[in-house]
Amino acid sequence: MKTFCGRANPTTGAMEWLEEDENYDYHQEIARSRYADMLHDKDRNTKYYQGIRAAVSRVKERGEKAIVLDIGTGTGLLSMMAASAGADFCYAIEVFKPMANAAVKIVEKNGFRDKIKVINKHSTEVTVGPDGDMQCRANILVTELFDTELIGEGALPTYEHAHKYLVQEGCEAVPHRATVYVQLVESKRMWSWSKLFPVHVEAEDGEKIIVSPSEMENCPGVPSVCDIQLNQMPSSDFTVLSDVVTMFSVDFSKPVRSAPTYYRVQLEPVKSGKAQIVLSWWDIDMDPSGMINCTMAPYWVKPTAAFQWRDHWMQCVYFLPNEEPVLQGEKVYLTACRDEYSVWYKLQKDRGEEEKKSDVRVESPVCRCQAHLLWNRPRFGQLNDQNRTHQYIQSLMKVLKTDSVCLCISDGSLLPVLAHYLGAKQVFTLENSAVSCSVMEKFFKANHLEDKIKIIEARPELLTSSHLEDKKISVLVGEPFFTTSLLPWHNLYFWYARTAVTSHLTSNVTVLPQSASLHMMIVEFQDLWRIRSPCGTCEGFDVRTMDDMIKNSLNFRESKEAEPHPLWEYPCKSLSDPQEVLTFDFRKTVPQHCLSTEGSIKLLRKGKSHGAVLWMEYHLAADISVSTGLMQISNEKGNCEWNPHCKQAVYFFSSVIESETLSDLSSAVTYAINFDTKTGDIAMDFKLL
């Protein structure tokens with residue numbers, strides 16, 4: 001059996017389906033899973049354990065046998081907690097086969113073989129009865145089926161089915177209930193992830209303003225949740241407009257309904273402002289009394305609480321369809337709508353007629369302008385970054401002449417508009433997809449430029465002279481930005497595109513950016529290392545089988561790979577200076593041979609070398625560069641500030657994955673980096689000295 005995996009090909013800028021070994025999918029799933037992160041989540045684990053002990057005691061006090069159903073058991077951890085708390089029997093359900101196999105081993109290793117039965121099925125397939133998977137219905141329901149949005153992993157339909165078919169009426173549930181909280185805020189920074197602000201351009205003939213099409217202004221965007229580490233958002237980046245209020249809660253010990261519905265609360269703004277964003281998080285009570293509580297509340301809500309870092313549950317940012325001015329003390333109504341898997345919000349000034357529950361249409365938001373399909377939220381932030389735009393304007397002013405014929409190669413970029421306003425004689429833009437063509441068309445129309453800039457929907461290698469009206473290109477520009485890029489160097493697709501269109505360029509063509517460079521730095525992470533670090537024992541249970549499984553999966557590819565992370569959300573300190581390791585000259589075509597380099601990088605600060613961070617810098621024109629990674633090292637402690645609109649590449653050293661004791665004594669790190677021009681991939685290897 002073969003598995004097909006979608007992967008961006010940096011040499012073609014396209015998604016390609018690669019045939020992989022049948023185990024590849026499993027390995028990717030396990031290597032990139034959040035299992036390690038959950039096992040490191042001490043707060044979650046101790047509270048689950050307390051809740052499970054209490055539930056088993058309540059059942060025993062009634063003189064009943066404690067029969068536990070654990071849905072989505074993963075490592076089997078919660079079932080082992082129940083068994084050691086005195087449960088008579090546990091049914092542990094896990095749909096993912098490699099995980100179920102690991103759970104069987106872990107359960108056996110910890111001596112619970114007679115108490116726990118692992119069932120490798122979806123819970124909705126489980127049968128009950130003398131010949132069934134379960135002998136009888138359970139009277140304790142234990143699950144951990146939650147994501148940052150609470151219901152995104154299908155918790156509601158799973159609970160609904162379990163109550164109907166798998167557990168007794170009046171069962172105990174751990175957690176007992178979940179509560180979702182919201183807070184209304186104004187935030188130019190977060191709002192810039194969903195709407196495009198006007199762009200001001202100082203041209204020879206006065207100021208020009210690039211506006212977005214009206215259907216984009218009024219578009220509700222996409223329904224997928226925006227989950228972030230809100231604890232890394234400084235309080236100066238948002239203004240609180242309301243107190244925190246309870247939006248809704250779910251009691252898991254009673255039958256649960258997953259059918260679409262809505263909840264409405266009245267809010268009294270504590271400050272006047274523009275309501276743009278609903279911030280949201282949840283907590284779970286492990287017991288009916290609410291004494292054992294596990295919360296995702298951000299720092300400004302529970303400033304005294306000891307914070308538990310976790311990456312599997314964060315906080316949500318919801319964008320209102322439009323910004324609504326609110327006045328301090330003037331009540332407004334916030335409605336949360338949900339379907340089985342997602343939540344979205346709307347704000348109203350008045351309650352409207354008392355609507356009957358059945359009359360409210362619960363329809364999830366759909367992007368009608370297509371821009372939210374083309375650009376993800378960090379991309380919106382990037383397009384709204386005035387400093388960045390200004391650097392491109394400065395560079396274009398240096399290179400454009402009155403007779404310049406300009407070709408832009410990037411996905412859905414504003415560069416063609418900038419080039420036109422800054423005096424290029426003619427501008428063409430090469431768009432890779434029907435969606436980007438459609439979005440750019442609307443953009444040019446909204447700015448009355450539809451007859452000034454020509455959109456070409458073609459792959460670079462299929463560009464013909466007739467597309468370009470028999471003209472030669474004297475200025476080739478790119479940000480570069482491509483929607484298929486996952487790692488920083490995938491945007492080097494621009495170089496491959498530049499190589500493909502060579503025959504259409506003048507002999508003295510100006511290419512902007514003229515070159516790019518790959519940079520790296522050795523860092524110590526405050527917390528991110530936990531997602532790849534083995535656990536050993538968790539609450540007294542041996543989970544090394546899981547550690548080994550993750551390690552095998554990380555090593556499944558001969559060479560380990562770097563992975564993308566938005567480092568503004570994950571604090572780290574630099575242990576070395578940043579170092580330029582490779583350069584790519586866009587003035588020349590892509591060479592046939594590989595580009596490789598090796599060397600060593602000195603460690604200047606004491607700390608644990610968790611890994612290397614890599615990013616690209618683009619050299620637009622003389623003295624003007626943009627970085628997709630490090631913006632600055634902000635103090636002598638080595639704290640780093642990262643470009644918030646891009647993901648950086650993180651390569652975890654094997655010492656993190658092997659959980660070796662990291663010494664603070666390493667003096668340098670040697671590296672070998674190889675850019676394969678045939679595949680567009682970068683392979684790397686590091687050693688701590």
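Worth knowing before you read on, the calculation uses all heavy atoms, side chains too, and leaves out hydrogens, waters and symmetry mates.
- The existence of a salt bridge linking Asp676 and Lys678 is excluded, since no basic side-chain nitrogen approaches an acidic carboxylate oxygen closer than 4.0 Å.
- Remark: the Glu324 side chain and the Gln276 side chain contain no N/O donor-acceptor pair separated by less than 3.5 Å.
- When the side chain to side chain donor-acceptor pair (under 3.5 Å) test is applied to Gln183, the partners found at least two apart in sequence or on another chain are Trp300.
- Using bins of under 30°, 30° to 60° and over 60° for the plane-to-plane angle, the ring pair Trp193/Trp568 lands in the tilted bin.
- Salt-bridge formation is not detected for the pair Lys454/Asp451: no Lys NZ or Arg NE/NH1/NH2 atom is positioned less than 4.0 Å from an Asp or Glu carboxylate oxygen.
- Note on Glu563 versus Lys647: no salt bridge recorded, every NZ/NE/NH1/NH2 to OD/OE distance being 4.0 Å or above.
- Judged by distance alone, with hydrogens and angles left aside, the side-chain atoms of Asp385 form no donor-acceptor pair with the main-chain N or O of Gly381 at under 3.5 Å.
- A salt bridge is defined here as a Lys NZ or Arg NE, NH1 or NH2 lying under 4.0 Å from an Asp or Glu carboxylate O, and Lys271 with Glu186 fails to meet this definition.
- Of the charged side-chain nitrogens involved, at least one lies within less than 4.0 Å of a carboxylate oxygen, so that Lys573 and Glu524 count as a salt-bridged pair.
- Inspection of the Tyr318 and Glu149 side chains reveals an N or O donor paired with an N or O acceptor under 3.5 Å.
- Annotation: cation-pi geometry not satisfied between Arg189 and Phe238 (NZ/CZ under 6.0 angstrom from ring centroid, within 45° of ring axis).
- Note: Trp615 and His519 have parallel aromatic rings, judged against thresholds of 30 and 60 degrees for the angle between ring planes.
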